Amino acid sequence: MTPIDFCGIELAHPIINASGTFDAVAARRAFGDELLARFPFAAFVSKTVTLAPRQGNPAPRLWELPAGLMNSIGLPNKGLEGYLAHDLPELARLPVPLIVNVMGFSREEVTRLVSAFAQRDEVAALELNVSCPNVETGLVMGADPDEVARLLSVVRPLTGKPLIVKLTPNASDVPAVAMAAEREGANAVALINTIRGMALHPRTGAPWLGGTTGGVSGPAVRAIALAQVRSVSEAVAIPVIGMGGVSHGRHAAELIAAGASLVAVGTESFRDPAAGARIAAELGAAARPPRLSGQDILSLRG
Amino acid sequence: MTPIDFCGIELAHPIINASGTFDAVAARRAFGDELLARFPFAAFVSKTVTLAPRQGNPAPRLWELPAGLMNSIGLPNKGLEGYLAHDLPELARLPVPLIVNVMGFSREEVTRLVSAFAQRDEVAALELNVSCPNVETGLVMGADPDEVARLLSVVRPLTGKPLIVKLTPNASDVPAVAMAAEREGANAVALINTIRGMALHPRTGAPWLGGTTGGVSGPAVRAIALAQVRSVSEAVAIPVIGMGGVSHGRHAAELIAAGASLVAVGTESFRDPAAGARIAAELGAAARPPRLSGQDILSLRG
Amino acid sequence: MSVAVDGRVQAPFGAREARVVARERHGAYTVLRCADPAGPRPQAGQFYMLRAAERWGGGADERPYLPRAFSVLRAPAESDELLFLVEDVGPGTEQLCALHEGARLAIVGPLGVGFAAPRDGRTALLVGGGVGIAPLALWQDQLGEDTVPLLGFRDGDHAAGAALLAEPKIATDDGSAGHRGLVTELLVRELDERSHVEVYACGPPPMLEAVRALCAERAVPAQLALESGMACGYGACFGCVVQTTGGYVRLCVDGPVIDAALLPTALTPGAGH
Amino acid sequence: MSVAVDGRVQAPFGAREARVVARERHGAYTVLRCADPAGPRPQAGQFYMLRAAERWGGGADERPYLPRAFSVLRAPAESDELLFLVEDVGPGTEQLCALHEGARLAIVGPLGVGFAAPRDGRTALLVGGGVGIAPLALWQDQLGEDTVPLLGFRDGDHAAGAALLAEPKIATDDGSAGHRGLVTELLVRELDERSHVEVYACGPPPMLEAVRALCAERAVPAQLALESGMACGYGACFGCVVQTTGGYVRLCVDGPVIDAALLPTALTPGAGH
Ligand SMILES: Cc1cc2nc3c(=O)[nH]c(=O)nc-3n(C[C@H](O)[C@H](O)[C@H](O)COP(=O)(O)OP(=O)(O)OC[C@H]3O[C@@H](n4cnc5c(N)ncnc54)[C@H](O)[C@@H]3O)c2cc1C
Ligand SMILES: Cc1cc2nc3c(=O)[nH]c(=O)nc-3n(C[C@H](O)[C@H](O)[C@H](O)COP(=O)(O)OP(=O)(O)OC[C@H]3O[C@@H](n4cnc5c(N)ncnc54)[C@H](O)[C@@H]3O)c2cc1C
Ligand SMILES: Cc1cc2nc3c(=O)[nH]c(=O)nc-3n(C[C@H](O)[C@H](O)[C@H](O)COP(=O)(O)O)c2cc1C
Ligand SMILES: Cc1cc2nc3c(=O)[nH]c(=O)nc-3n(C[C@H](O)[C@H](O)[C@H](O)COP(=O)(O)O)c2cc1C
Ligand code: FES
Ligand code: FES
């Protein structure tokens with residue numbers, strides 16, 4: 001595939017990982033140098049980093065769904081200091097550009113997180129997670145255009161690096177949130193994050209997940225993701241990173257046809273660590289569905 | 001199972017059909033009197049009736065998903081006059097109470113629809129569809145608490161019959177919409193309706209569905225439905241009709257454990273017309289998960 | 001066997017179990033021979049919704065999920081057997097074609113309205129394309145008297161299906177069997193020779209549209225067995241609509257056999273073939 | 001065979017194909033003998049993520065979807081074979097137990113950290129409960145010298161699995177084989193008799209917790225092979241965490257074998273057994 005330009009970053013192909021679904025450091029321990037030699041993604045997006053370290057939610061954190069997965073991981077991470085000290089140096093050695101995904105529980109926290117990475121040459125771009133359904137504020141902030149606009153107006157001036165806003169699907173009007181982000185200077189938007197769900201213990205009837213509710217991902221959400229990517233792509237001019245249930249190059253081609261510039265692979269990597277490379281190859285091979293014609297797009301409006 | 005009381009209506013068991021997923025008149029033609037002898041639901045909910053007749057969306061109207069279905073039927077129906085003249089007399093002969101689901105494109109339309117059924121003895125209750133994702137206003141109205149409150153304040157005085165508000169899942173804050181409905185006198189809420197989705201033609205890449213986007217249903221949405229039923233049940237005191245991906249009595253038991261009083265079966269009836277009866281039997285047999293304890297519920301709050 | 005006013009054989013209510021008693025390959029096609037002790041004998045042109053009773057799913061794109069519609073190929077009067085002709089075109093038919101003897105199916109049917117007898121003693125011309133020959137085989141069995149089957153196939157491998165009907169005239173795109181060309185060319189010949197005929201056709205939309213246009217042009221009565229994507233098969237979902245002169249009708253309850261005179265076109269969108 | 005610093009055998013990157021060359025029943029258990037030409041020889045206690053390469057899914061509640069974790073039961077040094085011991089407890093294991101010879105699997109592994117050699121020449125006591133005997137069989141093969149297997153089972157049908165280890169002492173809940181009672185009762189006896197031992201245990205959480213408490217009380221070193229629900233098996237999802245004195249660790253990369261001294265409890269929530 002010919003290299004592509006994403007916000008000034010050159011990528012070998014349009015397939016990247018979805019934040020929180022691939023830990024390159026742990027994978028290196030499991031698979032050794034072969035991971036680097038055959039790195040499956042054109043860019044690496046790290047798991048959400050928060051200001052303070054987080055243990056994450058109590059176990060159990062996983063529940064399998066029909067053609068999908070529900071998780072309540074709860075954003076465990078070493079916190080900003082731990083990330084800078086331990087993870088960043090290792091991730092900087094990856095053969096692909098690094099995108100750091102951050103989340104703050106207040107605009108002040110996000111400000112400190114963005115500032116900390118603003119001058120880091122190891123970091124190609126920042127992704128703002130305003131959408132994690134496992135954390136109260138994520139849900140609220142990402143569902144409200146004004147909240148997102150206020151956040152960006154504060155952090156946009158702090159860095160020249162591309163800012164990607166990761167949107168939540170648990171909102172009445174996702175395109176409105178995307179437009180607010182674009183208006184306030186976001187360079188791209190990414191969607192969909194997981195959809196809020198729940199499971200009960202088969203025997204006790206109490207909530208199964210330690211976090212009570214969880215986020216649904218995988219093929220079960222693919223059609224929902226495609227609809228949201230489509231409507232957001234029509235609402236904004238900035239690039240869109242599409243994700244949600246991609247398990248084959250065909251699905252990536254569909255998201256691209258719906259307006260996505262890049263496609264992220266998440267849950268499918270759990271079935272095959274090298275899924276990203278396979279999907280990129282399938283995408284290259286696929287006769288891609290043409291981008292939707294003007295007429296099709298008009299038929300969507302009003 | 002011992003009969004249950006739903007808003008003053010006595011039902012043989014808690015399983016009813018989801019609106020638009022069972023046509024008792026057509027089923028009678030296909031299965032004859034055996035349908036009436038073995039009627040699978042404790043109450044019959046008719047497909048959404050609109051003021052004017054509707055052809056519905058162009059074909060294709062269906063797309064199969066992983067463990068699910070996406071439809072863009074577009075509410076075809078004979079319109080109020082046609083329903084009163086042709087369908088109501090036939091449905092009145094069913095062996096179970098009749099719930100009529102109506103949808104208007106303006107408060108005036110809803111007013112006329114509700115008034116038309118207000119005095120009809122054949123009708124046990126009315127369900128207001130403010131949530132059909134295939135029709136613009138449905139989406140908008142059901143996603144906004146104030147819209148729903150205004151609607152109810154207008155139609156509540158028109159009838160003494162139980163009013164059920166069918167909520168849309170495509171909203172940032174579904175419990176807020178449910179609370180608005182309760183405040184303005186709704187007797188019950190029903191959820192979830194289908195989730196907005198989309199599919200592309202495998203060869204052309206153009207939207208597959210004649211309606212461009214569609215609504216996702218079936219097991220793929222089960223966990224999402226359970227979470228919404230749970231959060232709505234905690235927000236309101238009125239009965240909740242839970243639905244979404246129920247294909248076994250176990251799933252009905254889970255919705256009841258999450259706070260539902262009745263459970264509606266939709267897409268599963270397409271796999272087996274008698275699914276409702278099987279699910280009711282399984283539910284009766286099932287050792288139901290106990291209702292969640294106060295502690296579990298507290299653990300959800302804040 | 002109960003026949004409802006509109007001439008359809010009604011189905012027992014609910015999905016019931018049927019067992020695969022034999023699986024036969026006919027070139028590109030698979031014939032599933034099933035035992036359906038609890039069901040009535042269907043009318044030619046009616047169909048059943050089928051799915052494997054166990055592990056229906058897990059194929060390409062994590063499908064199938066819904067049951068699939070199949071015309072009855074054959075329903076021997078003196079037995080409880082139903083034969084279905086299946087072409088592997090996707091995850092559902094792939095799984096059905098892979099079923100072994102003894103496998104359990106969940107079936108609903110017979111569904112829909114079948115073929116009506118030829119008007120005023122006309123000769124029945126049975127025009128089939130590909131897997132569309134299925135309902136014509138049963139119709140030939142039920143009509144008994146002289147019928148003229150005209151069957152079109154892609155190639156020789158598919159033409160193997162022609163053996164399922166008696167005394168067929170065959171056309172193949174590649175000429176590997178019978179006339180090289182379209183089955184509609186065989187139909188033109190017949191219509192040139194015979195006048196007092198009624199056409200019964202089933203096959204891919206383009207073929208059916210050609211048949212419709214031809215019969216309209218020559219004022220020959222025709223009954224077309226159409227296809228459209230179906231979820232339920234008994235009128236519950238409103239998903240299978242086709243456009244008629246009287247507006248949309250649900251193919252599963254008002255069809256699948258429709259009088260050609262009522263169809264502006266036989267090109268049904270999304271039928272999948 | 002490449003061994004990484006922390007003593008784990010690393011896995012080839014990506015899911016690869018392995019074929020089922022034989023399926024054997026041992027009472028309630030199924031042993032899948034697979035050919036894995038592309039993989040290294042694993043260490044006892046390591047595990048693999050397995051799924052059927054075709055039609056993984058379509059079972060109860062439309063599952064399975066994710067791969068499933070399985071310890072290696074046996075990995076003959078001179079061959080490319082991997083043996084897995086599978087107990088049917090749900091849709092995934094049900095499908096795996098039904099696989100026929102020649103079926104293709106998609107596998108990732110070996111994963112995680114296996115057992116470490118006994119400290120200063122201690123005798124290895126292998127304490128297994130139910131399907132938890134699997135990693136102990138390979139450990140017995142690899143240790144070679146004297147080991148003492150103590151195996152507990154529900155009943156005689158499950159006790160058939162005991163034959164997979166050499167010279168085991170057996171306990172069954174219903175007394176249908178060996179000692180009537182818990183395997184931990186056999187462990188108490190051994191600990192009363194021997195002092196210079198190290199315990200290697202795998203089994204249901206309550207058994208592991210009893211073993212942990214017992215060894216803590218007697219200051220006997222113990223390595224426990226734990227279970228928890230896993231989605232990925234290589235550290236990607238953070239779903240498989242268990243609580244240690246040092247906080248949560250991902251069992252798939254920091255385990256599944258964990259030194260008992262690091263565990264406040266071996267009762268892992270949602271392990272499923
Ligand atoms: C009344 C009737 C009678 C029939 N009789 C027969 C018969 O006798 N023999 C026979 O072999 N077939 C028959 N068919 C056709 C048969 O039902 C289809 O071939 C079958 O449903 C295909 O299912 P599949 O899973 O194998 O392939 P699918 O991929 O599900 O369907 C094949 C076509 O459907 C479309 N499609 C692709 N993906 C999807 C999706 N996700 N959701 C919806 N549509 C999709 C595409 O156009 C594709 O070409 C009949 C159909 C009808 C309506
Ligand atoms: C490191 C490791 C090694 C293992 N080694 C072996 C081995 O050698 N042999 C062996 O037989 N097993 C082994 N297991 C256990 C095996 O992985 C499980 O039995 C298997 O995953 C069960 O899958 P299933 O689909 O059959 O049943 P499931 O129903 O998926 O799982 C069974 C349990 O999971 C829970 N559960 C039920 N529904 C769900 C759901 N929807 N989502 C999530 N959890 C659910 C319940 O507690 C249920 O009892 C091992 C597990 C681990 C972690
Ligand atoms: C186990 C798991 C952990 C996740 N963690 C994060 C996270 O830390 N930050 C984030 O922005 N998204 C997170 N996500 C969401 C994914 O990035 C992605 O948006 C979602 O899974 C949809 O893609 P998929 O269907 O391909 O998995 C997580 C998803 C899963 C399944
Ligand atoms: C084909 C189809 C048609 C539907 N039509 C209607 C409708 O007319 N009115 C309505 O309120 N809901 C309609 N629904 C939504 C269902 O009532 C139900 O809310 C949804 O399908 C979720 O339940 P399920 O997963 O059991 O199908 C329809 C759903 C399907 C699949
Ligand atoms: S297939 Fe459902 S109405 Fe025809
Ligand atoms: S199973 Fe995914 S991190 Fe352990």
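Here is how names work: the chains are called A, B, and so on, in the same order as the sequence lines, proteins then strands, and each is numbered from 1. Since we're looking at a predicted model, the values are computed, not measured.
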Asks: Check for me whether R61(A) meets the cation-pi criterion with Y248(D), that is, NZ or CZ under 6.0 Å from the six-membered ring centre and within 45 degrees of the ring axis.
Replies: yes
Asks: Minimum heavy-atom separation for S269(A) and Y234(D), please, with both atom names.
Replies: O-OH, 2.6 Å
Asks: Hey, which of P67(D), G233(D), A231(D) has the most heavy atom pairs under 4.5 Å with chain A?
Replies: A231(D)
Asks: Identify which part of V241(D) has an atom lying under 4.5 Å from any heavy atom of chain A, answering side chain, backbone, both or neither.
Replies: both
Asks: When heavy-atom pairs shorter than 4.5 Å are enumerated against chain D, which of G210(A), P58(A), G218(A) gives the highest number?
Replies: P58(A)
Asks: Is the F13(D)-F39(A) ring centre distance short of 6.0 angstrom?
Replies: no
Asks: Against chain A, work out which of G109(D), A106(D), P12(D) has the most heavy-atom pairs shorter than 4.5 Å and name it.
Replies: P12(D)
Asks: What verdict does the side chain to side chain contact (heavy atoms under 4.5 Å, CB included) test give for V108(D) and F31(A), after you've listed the backbone C-alpha separation in whole Å, the side-chain angles of each residue and the deciding distance to 0.1 Å?
Replies: CA-CA 10 Å; V108(D) 178; F31(A) 305 115; 3.9 Å; yes
Asks: Looking at D272(A) and R16(D), does any basic side-chain N land under 4.0 Å from a carboxylate oxygen?
Replies: no
Asks: Apply the test side chain to side chain contact (heavy atoms under 4.5 Å, CB included) to residues E64(A) and E62(D): give CA-CA distance (whole Å), side-chain angles for both, the deciding distance (0.1 Å), then the verdict.
Replies: CA-CA 10 Å; E64(A) 185 179 62; E62(D) 299 80 31; over 6 Å; no
Asks: Kindly give the heavy-atom pair with the smallest separation between P273(A) and A15(D), and that separation in Å.
Replies: CD-N, 4.0 Å
Asks: Heavy atoms, side chains only, cut-off 4.5 Å: are N71(A) and C237(D) in contact?
Replies: no
Asks: Does R271(A) reach the main-chain N or O of Y65(D) with its side chain, forming a donor-acceptor pair under 3.5 Å?
Replies: yes
Asks: So F238(D) and D23(A), side chain to side chain contact (heavy atoms under 4.5 Å, CB included) or not? Walk me through it.
Replies: CA-CA 9 Å; F238(D) 283 80; D23(A) 178 341; 3.8 Å; yes
Asks: Is chain D contacted by the side chain of L209(A), its backbone, both, or neither, given a heavy-atom distance below 4.5 Å?
Replies: neither
Asks: If only atom types and distance count, is the side chain of Q55(A) paired as donor or acceptor with the main-chain N or O of G247(D) below 3.5 Å?
Replies: no
Asks: Does some side-chain heavy atom of M49(D) sit less than 4.5 Å from a side-chain heavy atom of F270(A)?
Replies: no
Asks: Minimum heavy-atom separation for A274(A) to G14(D), with atom names?
Replies: CB-CA, 3.7 Å
Asks: Relative to chain D, which of N17(A), T21(A), L65(A) shows the most heavy atom pairs under 4.5 Å?
Replies: T21(A)
Asks: Closest heavy-atom contact between A26(A) and R250(D)?
Replies: CB-NH1, 3.7 Å
Asks: With a 4.5 Å cut-off on side-chain heavy atoms, are R29(A) and D254(D) touching?
Replies: yes
Asks: Check each atom of P91(D) against the heavy atoms of chain A and say whether the ones under 4.5 Å are side chain, backbone, both or neither.
Replies: neither
Asks: Counting only heavy atoms closer than 4.5 Å, note whether L111(D) contacts chain A via side chain, backbone, both or neither.
Replies: side chain
Asks: Could you check which of G68(A), G56(A), G32(A) has the highest count of heavy-atom pairs closer than 4.5 Å to chain D?
Replies: G68(A)
Asks: Just so I understand: if I count every heavy-atom pair under 4.5 Å between each of M230(D), Q243(D), R51(D) and chain A, which residue has the most?
Replies: R51(D)
